[in-house]
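Worksheet for the structure shown next.
Owing to the predicted nature of the structure, the values given are computational and were not obtained by experimental measurement. Position 1 is the first residue of the sequence, and the numbers go up from there. Because only heavy atoms are used, hydrogens play no part in the values below, and waters and symmetry mates are left out as well, while side chains stay in.
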Amino acid sequence: MNQHPISLLLCALGGEGGGVLTEWLVETARHAGYPVQATSIPGVAQRTGATTYYLEVFPVPVEQLGGKRPVLGLYPMPGRLDGLVSSELLETVRQISLGHASSDRTLVLSSTARALTTMEKMQMGDGRREAQGLLQLITTHSRAHHVLDMAELTCQAGTVVSAVMLGCIAASGLLPMGRADYEVILKDSGGAQASLRGFALGFDAVQAQRTQARFIEDVLDAGTASSASVRVEPVETQRRPSLGLRPFDTPGTGQARPERKQPALPAAVAALFPGVLHEIIALGHARLVEYQNTAYAQRYVERLQQVLAAERASDPQGTRGWAVTREMARWLALWMAFDDIIRVADLKSRASRWSRVQGEVKAGEADLLKLYDHFKPGAPEFAALLPSGLAQRVLAWDRKRVLAGKTPWALPLKIGTHSVFGMLALRGLAMLRTLRPLGSRFVTEQALIEQWLAAVVGSTRRHWASGHEVAQCGRLIKGYGSTNERGKGNLLHVVQHLATGASFDSDEARAAAIAAARQAALADDAGKTLDQTLVKHGAPARPLKAQPIRWVRRPPLKKTS
C-alpha cells in the first residue's frame, strides 16, 4: 500500500479561478472516495505575485484504510512536490526558484502564456524575459513536464483557464481519480458546458503529448536494443510553443484574445516591395487607414519607398533581408499613428471595448453595467488640435500661469461611457479625426518624422549598418506626455550629433556610436547614461531643459505661550 500522499501545488494569477480549481479537485477526490486536504497560501493579487493553493491526496480509498485517517500536510516541502501546475510561464519558474520542484520527483504542467510583471513593463526597451531560458529551467528542474498554450485553449472553449488546468491535471495521471469523476463535478458547477469544453481541450492536449512521448520512447528503446552504442533520453514534451507576438502587439496580461485576421495588403502596394516585407507593411498600412484614412496610409507607403530605394543602393541583392525597411515599416507606422485625444476617444467608444469590459467583469445579461472613463486633458492636449498660431497662444497662456506659481491648467472629466450622452461625447470627439491634419501637433510630428526619415535614407545610402542603427532608434518613441517628448528629443539629438553631425574615423565607428547611444537612452529615463555615451563618442550632451523657479511665501510662525 502506498503510504505517501500525492502533493500538488496550484499557481494562478488574480481572477483566473485558482480557488475554484482547488474546490473542483477536492470535490472530485471526495467523490472518488480518496482522502484529500487543501489550503491556500495568500500572495499578492494580480501580476506582482500570485495566490497558490496546496493540495494533498492520499492515493488509497477511505474504505480500504480500515478506519485509519492519513496525516496530510498544509504546506509544500522543498524538493518533495509531486506536481506543479501553473497558468503562467514565469510564475512556474518563480515557484521552481523557491525550491519546490525537483528533477527526480516533480511533474510540471505549465502554460506558455505570459502576463508581464511590473518590472518587465517598467523597462524603457523590451523588458520581456526570454521564453527559451524559462522553458529550459522547467526542463532541468522537473521529472517530466507538459508545456502548452492554456490561454489559447481557454479562448477556444470560451471559459476560464481553471477548467483547462483541471483537464491537464486529469490527463497527466498524477492523481488517482478517473476522467468520469472530474466530469461529474463539472456538470454540477456554474457554466457547466463551457467548463466541460475547456476540460476536454486541456485533457486531450496533455493526453496527445503523453501518447507521442510513449511512441518516441518505444522507438528509441527499439533503436537502443539494436545499437547498444547509442542512447537517447526520451522527452515528455516534443513541441515547444513559441511566445512570438505579432509585430504591433503590446504585451498584455496574458489573457486569451480572439485571433486577429491578418490584414490584406493592396495589390498595388504589394507590387512595390519584396514579398518578405508584405506582412509587416500590411499591418502598418491597415493601422494608418484605421487611424486616419487611405491617403495617410499612402503617405506611409511613399516614405517606405524612399527607405527601400536607399537600401537597394547599399545592398542591391537584399542579402540582409531588407532589415532597414522592415524596421522602418514598424516604427514609422507606430510614430505616424501617435496617440492624441481623438485617438483615445475612438478607442474608448468602440463596441469591441464594451464587449471586452463585459467579459472582464463577467457581466451577465441581467446585470447592469456602468462604465466611467476619467480624463484630465491639459493645455498641450487642447493646443494639439488647434492651428499653430492659436496653439502657441494657448501654450503661452499656460506657461504664464506656471511662472506665476500656479499648477499647469487641466480639465478633469468623468464620462459615463454607458450613457447616451457619454457615448455621443466620445464619438463626436473621435469624428474630429478629419480635422487632425490641421492641428499643430500633427504638423509638428510630420516634420520630426521627415527629419528622422531623411537621416535613415541618407545613412543607409552611405553605409547600410549606420542606416539600420538609425532606423532602430525609432523604438525610442514611446508613451505619451513627457515620456513621448523625451523620447523624441533623444532620437533627434542622436540624429543631429551622431548620424549626421559628428565626424568619425569610419562608418563602422559611426554605426557603433549610434547603437551605443540608443541602448544608453533605453537604459534609464533620467538620461545620464545617454549623456555619458554621447560625450564618449565626441557629441555634446543633451542641453538642460529650462524649469520655472517657483517662489513660495514662508508661512508666518505661530506664537507659542
Side-chain angles (χ1 to χ4, degrees), residues 244-252 257-309 311 322 324-356 381 384-385 423 426-453 456-457 471 474-475 477-480 484 488:
L245 295 172
R246 287 185 293 273
F248 292 102
D249 272 354
T250 299
R257 303 178 181 176
E259 187 68 21
R260 294 181 181 179
K261 183 179 180 181
Q262 173 70 23
L265 187 64
V269 177
L272 301 174
F273 299 93
V276 69
L277 300 175
H278 287 179
E279 181 179 0
I280 185 72
I281 295 177
L283 289 168
H285 187 273
R287 188 185 189 97
L288 295 172
V289 169
E290 177 193 47
Y291 178 81
Q292 189 62 32
N293 51 34
T294 304
Y296 194 51
Q298 181 59 30
R299 192 173 185 179
Y300 166 73
V301 171
E302 292 170 357
R303 284 168 167 167
L304 286 182
Q305 285 183 274
Q306 298 180 45
V307 179
L308 181 61
E311 190 167 16
W322 311 109
V324 177
T325 308
R326 174 178 291 277
E327 290 292 331
M328 287 296 289
R330 179 180 186 181
W331 304 118
L332 180 61
L334 290 173
W335 192 349
M336 289 180 67
F338 58 88
D339 286 332
D340 56 8
I341 297 179
I342 299 172
R343 177 68 169 171
V344 172
D346 180 35
L347 294 176
K348 288 185 175 292
S349 59
R350 293 184 178 183
S352 58
R353 191 235 182 179
W354 180 261
S355 299
R356 177 175 59 82
E381 285 75 24
L385 303 178
M423 182 58 68
L426 290 178
R427 290 314 305 166
L429 188 56
M431 291 173 64
L432 292 179
R433 72 174 185 174
T434 56
L435 302 178
R436 184 187 274 136
L438 302 178
S440 60
R441 183 179 178 187
F442 186 90
V443 175
T444 301
E445 296 288 349
Q446 302 309 313
L448 297 178
I449 289 173
E450 288 293 339
Q451 190 174 348
W452 172 51
L453 178 66
V456 172
V457 171
R475 70 170 58 243
I477 309 299
K478 59 178 77 260
Y480 54 90
N484 183 266
K488 288 185 291 192

Could you pull out the closest heavy-atom pair between A268 and L272, with the gap in Å?
O-CG, 3.5 Å

How about R326 and V276: do any of their side-chain heavy atoms sit closer than 4.5 Å?
yes

Any side-chain heavy atom of L304 sitting closer than 4.5 Å to one from M328?
yes

Gap separating the CZ atom of R475 from the CG atom of L334, nearest 0.5 angstrom
10.5 Å

List for me each residue that meets salt bridge (charged side-chain N to carboxylate O under 4.0 Å, His left out) alongside D346, sequence neighbours excluded, and say none if there are none.
R350, R427

Atom pair CG/CH2 of L277 and W322 - distance to nearest 0.5 Å:
8.5 Å

Sequence neighbours left out, what passes salt bridge (charged side-chain N to carboxylate O under 4.0 Å, His left out) with R303? Give chain and number order.
E450

Indicate, with yes or no, if the rings of W452 and W331 have centres closer together than 6.0 Å.
no

Using a 4.5 Å cut-off on heavy atoms from C-beta on, say whether the side chain of L448 contacts that of W335.
yes

Mind checking side-chain contact (heavy atoms from CB on, under 4.5 Å) for A286 and listing every partner two or more places apart, or none if nothing turns up?
P263

side-chain contact (heavy atoms from CB on, under 4.5 Å) with V344: which residues, sequence neighbours excluded?
K348, F375

Which residues pass the salt bridge (charged side-chain N to carboxylate O under 4.0 Å, His left out) test with R299, sequence neighbours left out?
none

Side chain of H278, backbone of F273: donor and acceptor closer than 3.5 Å?
yes

Under 3.5 Å: donor-acceptor pair, side chain of E327, backbone of A471:
no

Min side-chain heavy-atom separation H285-V301 under 4.5 Å:
yes

Tell me every residue that passes salt bridge (charged side-chain N to carboxylate O under 4.0 Å, His left out) with E445, counting only those two or more places apart in sequence or in another chain.
R441, K488

pair L385-I342: side-chain heavy atoms closer than 4.5 Å:
yes

Side-chain heavy-atom pair Y291, R436 within 4.5 angstrom cut-off:
yes

Validation row: L283, Q262 side chains within 4.5 angstrom (heavy atoms)
yes

Measuring only between side-chain heavy atoms, which start at C-beta, is I477 closer than 4.5 Å to F338?
no

Separation of I449 CD1 from M336 CE (nearest 0.5 Å):
6.0 Å

Taking Q292 for the side chain and R433 for the main chain, is one N or O donor matched with an acceptor at less than 3.5 Å?
yes

